[in-house]
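First the structure, in the form of structure tokens, and then the observations on it.
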Amino acid sequence: MDTQYEGGNKGDPVQITEDEAAVYDRQIRLWGLEAQQRMRNATILVIRLRGTATEAIKNIVLAGIGKLVIYDSEEVKEEDLGAGFFFRDEDVGKQRVDAAKARIEALNPLVTVQALRHPTLLEQVSLEALIMSVDLVCVTDWDREAMIKINDICRQFGKPFYAGGTFGLLGYVFCDLLKHDYISPDRSAPKEAPKNVKATATYSRLSMALQHRWTGLTKRQTKELNPAVVHIILALWEYQHKHEGKLPDDVDAASELGQIANSILATSDVNRQVLTSVPLDLIDTMSISAAHEFSPTCAVVGGILAQDILKALAAREAPIANFFTFDGNTGGGSVCKMNM
């Protein structure tokens, strides 16, 4: 297994062949040859192979990116078999990337897949070299501090950054696309003469987004953003930080998790007509389920994550801006602009 990244093709862009055009014909009709060409020349790094990453990888590989680099230093565990459909019973005990690589390649032989698992790759110098050599970085199901560290390195080298994951029935996607240009439909144009316009969105890094305040939002605007789910996710990150990366997995953790959630809520300036405290039933549920993966939640969140990565690569339509949350209890999702 490699301990160093091989590097991507950073020379002249690879042109789509006739055979590839036939494979991707439906997609080219949907978003155009230029967008497909961008995907074809993209190298994407995905860090950690759990349920969310499994779904996202499936979708971006089938869509026709150029190269996928996967990193994970852990072994397949029995609990990975539920949401990780790249793994089989006989893979338990094997390295995740070793078990997944051939099955990822089988999805689309036109995509190059490189698997990395050496822990030294996450050391500062190696990590910088790795990120510098790819076009986009996606981190899944990791702790807040690690995501902030990788996001900051991505900023240093001008690389778009995505993070996604699930906590039981809840999930999230965060993105920092720096200054992102994209093509958007002109809503002011007459229906009989539709046209597209160029738009630009300026994103904030995760460390800045986490300082977001909800000041000035109306009752309706606040309610639409589902602040209870946002704040319990923020609280779970803080709980992980206090417990050396471990998530709550017992009802006895509910009291501490509730204190953390309501402490964060108190400083967020959320409209008190909507939310004065995080609901006890949500806290109790997260205290026993946050550490576990549910395949349907991973499928939804991983699908949203992949869809947005492809949007960013294609530069067509507005990507998430910038924090998406999913509530599997209701089946609903919302997007909160955090310090944008």
Tell me, do Asp152 and Leu206 make a side-chain contact under 4.5 Å, heavy atoms counted?
no

Does a side-chain heavy-atom distance below 4.5 Å link Leu234 with Arg144?
no

Enter the distance from Leu81:CG to Asp91:CG here, rounded to the nearest 0.5 Å.
8.0 Å

Should Ser289 and Phe294 count as side-chain neighbours, where that means a heavy-atom distance under 4.5 Å?
yes

State, yes or no, whether a side-chain contact exists between Ile283 and Ile232 at a heavy-atom distance under 4.5 Å.
yes

Less than 4.5 Å apart, any side-chain heavy atom of Glu74 and any of Arg48?
yes

Can you hop from Val251 to Ile260 via hydrophobic side chains spaced under 4.5 Å?
no

Is a donor on one side and an acceptor on the other found under 3.5 Å between the side chain of His212 and the backbone of Asn339?
yes

Any side-chain to backbone donor/acceptor pair from Asp143 onto Ala146? Under 3.5 Å, distance only.
yes

Distance from Leu247 atom CG to Leu236 atom CG, nearest 0.5 Å?
6.5 Å

Let me see the working for Glu145 and Lys149 under salt bridge (charged side-chain N to carboxylate O under 4.0 Å, His left out), right down to the final yes or no.
CA-CA 6 Å; Glu145 280 64 39; Lys149 174 185 175 181; over 6 Å; no

Determine whether Ile264 and Leu217 fall in the same hydrophobic cluster, where Ile, Leu, Val, Met, Phe, Trp and Tyr are linked whenever their side-chain heavy atoms lie under 4.5 Å apart.
yes

Is a side-chain N or O of Thr297 found less than 3.5 angstrom from the main chain of Phe167, in a donor-acceptor match?
no

Expected output: side-chain Thr285 to main-chain Asp281 donor-acceptor under 3.5 Å:
yes

Quick check on Glu90: does its CD atom have over 12 non-hydrogen neighbours (other residues, nucleotides or ligands) under 6.0 Å away?
yes

Nearest 0.5 Å, please: how far is NE2 in His243 from CG in Leu257?
9.0 Å

Indicate the ring-plane relationship of Phe323 and Phe174, choosing parallel, tilted or perpendicular according to the 30° and 60° boundaries.
tilted

Could you report the tightest heavy-atom contact between Gly216 and Gln221, atom names first, then the distance?
O-OE1, 4.3 Å

Nearest 0.5 angstrom please: Glu123 CD to His118 NE2, how far?
9.0 Å

Give a yes or no on whether a salt bridge exists between Glu224 and Arg220, defined as a side-chain N under 4.0 angstrom from a carboxylate O.
yes

Could you check Val97 against Leu49 for side chain to side chain contact (heavy atoms under 4.5 Å, CB included), going step by step and ending with a plain yes or no?
CA-CA 7 Å; Val97 291; Leu49 296 185; 3.9 Å; yes

Met208 with Val335, same ILVMFWY side-chain cluster at under 4.5 Å
no

Using a 4.5 Å cut-off on heavy atoms from C-beta on, say whether the side chain of Leu116 contacts that of Val69.
yes

Name all residues meeting the side-chain hydrogen bond (donor to acceptor under 3.5 Å, both in side chains) criterion together with Ser207; count only those two or more places apart in sequence or in a different chain, and write none if there are none.
none

Kindly determine whether Asp176 and Cys154 satisfy side chain to side chain contact (heavy atoms under 4.5 Å, CB included), including the steps that lead there.
CA-CA 9 Å; Asp176 173 13; Cys154 288; over 6 Å; no

Passing candidate, side chain to side chain contact (heavy atoms under 4.5 Å, CB included) with Leu313, options Met39, Arg40, Gln36
Met39

Measure from the side-chain N and O atoms of Asn151 to the backbone N and O of Met147, and report whether any donor-acceptor pair falls under 3.5 Å.
no

Looking at Lys67, is its backbone amide N or carbonyl O close enough to the side chain of Thr112 to form a donor-acceptor pair, meaning the two atoms are under 3.5 Å apart?
no

Taken to the nearest 0.5 Å, the spacing of Thr120 OG1 from Leu127 CG works out to 11.0 Å

Going by the angle between their ring planes, with limits at 30° and 60°, are His231 and Trp214 parallel, tilted or perpendicular?
tilted

Atom NZ of Lys77: over 12 foreign heavy atoms under 6.0 Å
yes

Any donor-acceptor N/O pair, Asp72 side chain to Arg96 backbone, under 3.5 Å:
no

Take Leu178 and Arg155 through the side chain to side chain contact (heavy atoms under 4.5 Å, CB included) test and state the conclusion after the steps.
CA-CA 7 Å; Leu178 312 163; Arg155 277 253 158 185; 3.6 Å; yes

For a side chain to side chain contact (heavy atoms under 4.5 Å, CB included) check, start with the C-alpha distance between Glu293 and Cys298, then their side-chain angles and the critical distance, and finish with the verdict.
CA-CA 7 Å; Glu293 290 187 312; Cys298 293; 4.1 Å; yes

Looking only at heavy atoms, which two atoms of Ile70 and Ile57 are closest? And how far apart?
CG2-CD1, 3.9 Å

Tightest non-hydrogen contact, residues Ala209 and Asn322, listed as CB-ND2, 4.2 Å

Is any side-chain heavy atom of Tyr172 closer than 4.5 Å to one of Val229?
no

Counting N and O atoms only, with roles assigned by atom type, does the side chain of Ser133 sit under 3.5 Å from a partner on the main chain of Ala129, one being a donor and the other an acceptor?
yes

Single-linkage hydrophobic cluster Ile60~Val111, side-chain heavy atoms < 4.5 angstrom:
yes

Minimum heavy-atom distance Pro119-Tyr71, with the two atoms named:
CA-OH, 3.5 Å

Inspect the surroundings of CZ in Arg213 and state if more than 12 heavy atoms from other residues, nucleotides or ligands are less than 6.0 Å away.
yes

Please report the closest heavy-atom contact between Glu75 and Asp80, naming both atoms and the distance.
O-OD2, 3.8 Å

Mark yes or no for whether Asn262, through its side chain, and Ser277, through its backbone, hold a donor-acceptor pair below 3.5 Å.
no

Val270 vs Thr222 side-chain heavy atoms within contact, under 4.5 Å
yes

Heavy-atom pair of closest approach, residues Ala83 and Ser295:
CB-CA, 4.1 Å

Looking at Asp308, is its backbone amide N or carbonyl O close enough to the side chain of Tyr162 to form a donor-acceptor pair, meaning the two atoms are under 3.5 Å apart?
yes

Under 4.5 Å between side-chain heavy atoms, hopping through other hydrophobics if needed: is there a path connecting Leu305 to Tyr182?
no

Taking atom CD1 of Ile150 and atom CD1 of Ile47, what is their separation to the nearest 0.5 Å?
3.5 Å

